[in-house]
Amino acid sequence: MRTSRYFLPTLKEDPSEAQIVSHRLMLRAGMIRQSSAGIYSWLPLGLKVLRKVEDIVRQEQDAAGCQELLMPTIQSAELWQESGRYDDYGAEMLRIRDRHDRDMLYGPTNEEMITDIVRAHIRSYKDLPKNLYHIQWKFRDEVRPRFGIMRGREFLMKDAYSFDLTYEGARAMYNKMFVAYLRTFARMGLKAIPMAADTGPIGGDLSHEFIILADTGESEVFCHKDLLEYDVLSEDVDYEADLQPVVDRWTSLYAATDEKHDPAEAAKLGNDLINARGIEVGHIFYFGTKYSKAMNATVAGPDGDQVFPEMGSYGIGVSRLVGGLIEAFHDENGIVWPEEVAPFGAGVINLKSGDADCDAVCDDLYARLQAAGRDPIYDDRDERAGAKFADMDLIGIPWQIVVGPRGVKNGVVEFKNRANGEREEISAESALARLTA
Ligand code: 5CA
């Protein structure tokens, strides 16, 4: 993408409405624009990152054996009356009436709808287990939408729903999701710690929130410091194997959100206890037959009797993750994207656009980075060098190649690492080789 053609409305000044760094930087980097309280448009740069996050989530769900479908955002109230949650959900639910006076709602979650789909099509235990997910916008009329997309009213969630014949099967499924979540967040460079949590309006008595530590997090959390050192990606995972040992390794050390915090238990950790703030990026639940019973969803069991499937649901805050990533990865100059989610894989800065030699080197770099699938952004604008440096750093491009007239004469460009600020003078060919190897 050429910056001169890109819709990238960056801001020099900090917007006054933003209280936390991720919100501030998302507005300054031209990633989002608020349309009303807690409701945002995703501008091109923001959408690119959102899609990258979504892709990682999708890949890890698929790897764990889940199947993607897509349910609508608008749901019929009838389903929620059946489960008994229509009244329980209260003011958080956005209720809508259609032209035929039918009660509809903008879905805050999809337990009812997926249970309805499964009861219509799955009749036998032989068709279980199933774990179905979608990545879809949700609406919750939060009392206090804040911190930009971190606590929005409309937000993008990945929600998976599992159906098993037995309790043991459902627990094994929970473990699969537990491990898939660890991998998902680790692939984005995040340390997300599973913590015992309250189940709230979803229900059931077993759940874990996945929390990344950040001073601006909304929840107070407590955990053993060793959990921050656990390495997740070094071993491949076999989803057909028993994953209980992996789950036990994580859950045997103390980790709890404030609702589940047990001060006496935590005190035993002494200096190993971390008391911090955290951002909830995922939440997994086991709730057994709560919805299958309420909605009379049954399958024929091995003995021919009707059985209520054992269920769980598993959420990831996809849009919230974009904010969480910025909270974790930024410095005084802007965002520092981990490569896996960076909106562009490389940046080319032309310090003298219009100069034939600089243009030639830049055009060649840009074309070859594109051909190599690096998805580069090329700042070809007729702007001050300082403004170009500032924008490239603000939007967090991990590798930057700076091309100026003096360097071009000497056959070198500057190769910059956004994360540590290191700059090297090397040939354009070497710079390319580093990014296309
Ligand atoms: N049905 C279950 C699991 S699929 C469910 O809805 N779980 S949840 O309520 O915990 O939401 C899942 C994830 O969505 C949360 O962990 C959080 O990361 C994200 N989330 C929840 N509310 C918001 C919000 N208002 N803004 C942004 N993200 C949110």
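In listed order, ligands and their atoms are each counted from 1.
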Proximal atoms of ligand 1 relative to G315 (non-hydrogen, under 4.0 Å)
3 (C), 4 (S), 12 (C)
Answer with yes or no whether G282 contacts ligand 1, where contact means a heavy atom under 4.0 Å from a ligand atom.
yes
For ligand 1, which atoms have a heavy atom of D159 less than 4.0 angstrom away?
4 (S)
Out of all atoms in ligand 1, which are within 4.0 Å of some heavy atom of M157? Include the element for each.
6 (O), 11 (O), 12 (C), 14 (O)
Please list the nearest protein heavy atom to atom 9 (O) of ligand 1 with its residue and the distance rounded to 0.1 Å.
R140 NH1, 2.8 Å
Basic-acidic side-chain contact under 4.0 Å: E235, R183
no
Verdict with supporting geometry, K191 and F185, side-chain contact (heavy atoms from CB on, under 4.5 Å)
CA-CA 7 Å; K191 281 189 181 6; F185 301 125; over 6 Å; no
If you measure from each non-hydrogen atom of E142 to ligand 1, which part falls under 4.0 Å: side chain, backbone, both or neither?
side chain
Atom 7 (N) of ligand 1: nearest protein contact (heavy atom, Å):
F285 CE1, 3.4 Å
Using a strict threshold of under 4.0 Å (side-chain N to carboxylate O), is an ion pair present between R418 and D331?
yes
Tell me which protein heavy atom sits closest to atom 15 (C) of ligand 1, plus the residue, atom name and distance to 0.1 Å.
E280 OE2, 3.1 Å
Are any side-chain N or O atoms of E327 and backbone N or O atoms of S22, one a donor and one an acceptor, separated by less than 3.5 Å?
yes
In ligand 1, which numbered atoms sit nearer than 4.0 Å to a non-hydrogen atom of H283?
10 (O), 16 (O)
Please write down residue, atom name and distance for the protein heavy atom closest to atom 26 (N) of ligand 1.
G152 N, 3.1 Å
With a 4.0 Å cut-off on N to O distance, would you call D103 and R95 a salt bridge?
no
Donor-acceptor contact present, side-chain W137 to main-chain G107, <3.5 Å
no
Quick one: does K158 get within less than 4.0 Å of ligand 1, heavy atoms only?
no
When you check the side-chain N and O atoms of E60 and T184, is any donor under 3.5 Å from an acceptor?
no
Within a distance under 4.0 Å of any heavy atom of E111, pick out the atoms of ligand 1 and give their elements.
1 (N), 2 (C)
Number the atoms of ligand 1 from 1 as they appear, then name those within less than 4.0 Å of a heavy atom of V281, with their elements.
16 (O), 18 (O)
Considering only the protein, which heavy-atom contact is closest to atom 5 (C) of ligand 1, and what is its distance?
I202 CD1, 3.7 Å
Does a side-chain N-to-carboxylate-O contact under 4.0 Å join D127 and K130?
no
So which protein heavy atom does atom 19 (C) of ligand 1 come closest to, and at what separation?
G317 CA, 3.6 Å
Heavy atom of the protein closest to atom 27 (C) of ligand 1 (residue, atom name, distance)
M150 O, 3.3 Å
Indicate whether any N or O donor in one side chain lies under 3.5 Å from an N or O acceptor in the other, for E111 and T109.
yes
Between D55 and R58, is the closest basic N to carboxylate O distance under 4.0 Å?
yes
protein heavy-atom neighbour closest to atom 22 (N) of ligand 1 works out as F155 CZ, 3.5 Å
I'd like to know if R381 pairs up with D391 as an ion pair, taking the criterion as any Lys NZ or Arg NE/NH1/NH2 lying under 4.0 Å from an Asp or Glu carboxylate oxygen.
yes
Just jot down the ligand 1 atoms closer than 4.0 angstrom to any heavy atom of T109, in number order.
1 (N), 2 (C), 6 (O)
